[in-house]
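Numbering of ligands and ligand atoms starts at 1, following listing order. Throughout, numbering of the chain's residues begins at 1 and tracks the sequence.
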Amino acid sequence: MSNIDVSDIQGFSLKGYNFPRARYLLLELLHPEAARAFVERLLPDVTTGERWDIDKKPMSTVNLAFTYKGLVRLQLPRASLLSFPIEFQQGMKARGDILYDTGKNGPEHWDSVWQEDQVHAWLAVNARTAEALEERCTAIGQLMTETAGARLLQAQDACAIYLNDKPSTKEHFGYTDGFGNPDFQGAERECVPGQGKLTPDGRWEALATGEFLLGYADEAGELPVAPIPHLLGRNGTFMVYRKLHQNVATFRGYLDEKGELYGGGKEKLAAKFVGRWRDGTPIELSPDEPNPGIVADQNRNTNFTYGGDPAGVRCPVGAHVRRVHPRDAFGFNGGLVNRRRIMRRGLPYGEYVPEGQPVRDEDERGIIFMALNASIFRQFEFVQQQWVEYGNDSHLGNDKDLLAGNHDGTGKFMVQGTTDPNNPPFLCGGLPSFVELRGGDYFFIPSLTALAMIATGTVDPR
Ligand code: HEM
């Protein structure tokens, strides 16, 4: 049972809709009064977290979030603006040194829309069909024209990769994605083993609501830092939006080259990189071969720990999933990681090229990565800085995450192993740039109450 008011929370903050298509409309808000009128007119269309009856599943959804600059444009009172967490006020670009968004990931390489600091709002339309997407976007475009409250800077399309004419959960490197997402109290779905936090007796239970929604106690029993007045923050959350370009040709070339040399073969090496076989089987559970039975079983596909594999002989210590969600790998029964969890949303963008066909790094292709959390500083920024870009917590010195790290050709990835010829230790050196940042920002996803307050200019911090 839900103890949170799902009708006041944007659906996107609570669940992935699992619709195959999305368009992220990146907007500049225009005159404050007109911008507020635009938000007010849009309000009835904003999708909440309410449950859909089977036959009433909408064809498309609408969600809305603002950058700090957007809230300034909407003329929130100064005291409210200044009560937002500092990292949100500064925005993602200013946090580049912390995130290691430098060199080829620096703002000078971002899409122009992100370089110009004009994005005030993110309006996400998720849709079940291409027609439903167009229909909804046309209606929103009309609203923008009628109210003169917003201007479209860029429409970022994203779409699930279709295999055999069916939407899949694959990403461009060929891995099945979207298993691991934290359970938290109040969210509608049942607690799935492996998705929440570990209890001392080895069970999994939902994390505190305040790790993902403002206005509720978090894992420390405290209310997360939130703007004033209370109603402005409550039931809202923060979102990190990052457009991550994937160099698919480089990835495939590197995997082919190293896979030839590795005793376990190419596919096993691919599995070691991520900690899951490309079909999604966790290698901690099935280190020698993919197991479709595990993938299909919700009670098993994220139900594993690393405590029995401290040396990484099943799942390397530096594998992507082990770095970004170390579970119990750092001891204390997982207690150290419960405040570093992020909820992932997002979809691939760009055309998928099947393995074996010519593919170019230069083409537009990657993931629109979105991470939701109550504290960008404590959750996303920590994970990105300490676990993706730096390896000390895993005793990996300054080794970066193989997939998502900002590589310059000098990095390495260690596959721990045994004397078994199918599982030998192996060193992957000279890590090239697999993923590059093309821009993004930090957003606030308000509750429905907060959206109404913003739209009517009634945010009162006193
Ligand atoms: C283009 C870049 C990336 C690719 C291709 C990628 C791919 C994947 C894949 C294939 C999985 C396994 C499926 C699953 O467990 O759901 C995964 C899991 C995950 N990734 Fe990434 N990822 C990328 C970037 C990132 C970044 C930048 C972060 C964090 C800052 C991140 C955080 C996570 C988390 C938290 C999980 C779930 C781990 C778990 O709960 O066991 N990923 N990713």
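D420 and T418 share no side-chain donor-acceptor pair at under 3.5 Å. Between the side chains of Q195 and T302, at least one donor-acceptor pair of N or O atoms lies under 3.5 Å.
Cation-pi contact between K170 and Y352: absent, since separation from the ring centre below 6.0 Å together with deviation from the ring axis within 45° is not met. Geometrically, R276 engages F179 in a cation-pi contact defined by less than 6.0 Å to the ring centre and at most 45° from the axis.
Among the candidates F444, F369, W114, Y442, the single residue satisfying the ring-ring contact (aromatic ring centres under 6.0 Å, His included) test with Y241 is W114.
Looking at E171, K170, R276, R242 and measuring to atom 5 (C) of ligand 1, the nearest heavy atom belongs to E171. Closest heavy-atom approach to atom 7 (C) of ligand 1 among the candidates L403, N247, V435: L403. Between atom 36 (C) of ligand 1 and the options R341, H325, R344, the minimum heavy-atom separation is to R344.
Shown in contact with I367 at under 4.0 Å from a heavy atom are these atoms of ligand 1, numbered in order with element: 1 (C), 4 (C), 5 (C). Residue F380 approaches ligand 1 through these ligand atoms, each under 4.0 Å from one of its heavy atoms: 30 (C). Residue T176 has at least one heavy-atom neighbour below 4.0 Å for each of these atoms of ligand 1: 10 (C), 13 (C).
Of the heavy atoms in Y175, only side-chain atoms (C-beta onward) come closer than 4.0 Å to ligand 1. Under 4.0 Å from ligand 1, not a single heavy atom of Q195 appears.
Distances between N or O atoms of N181 and those of ligand 1 include no value under 3.5 Å.
No heavy atom of W387 sits closer than 4.0 Å to any atom of ligand 1.
The aromatic rings of W52 and Y17 lie parallel to each other, their planes meeting at an angle below 30°, with 60° marking the opposite boundary.
Using a 4.0 Å cut-off between charged nitrogen and carboxylate oxygen, E219 and R378 do not count as a salt-bridge pair.
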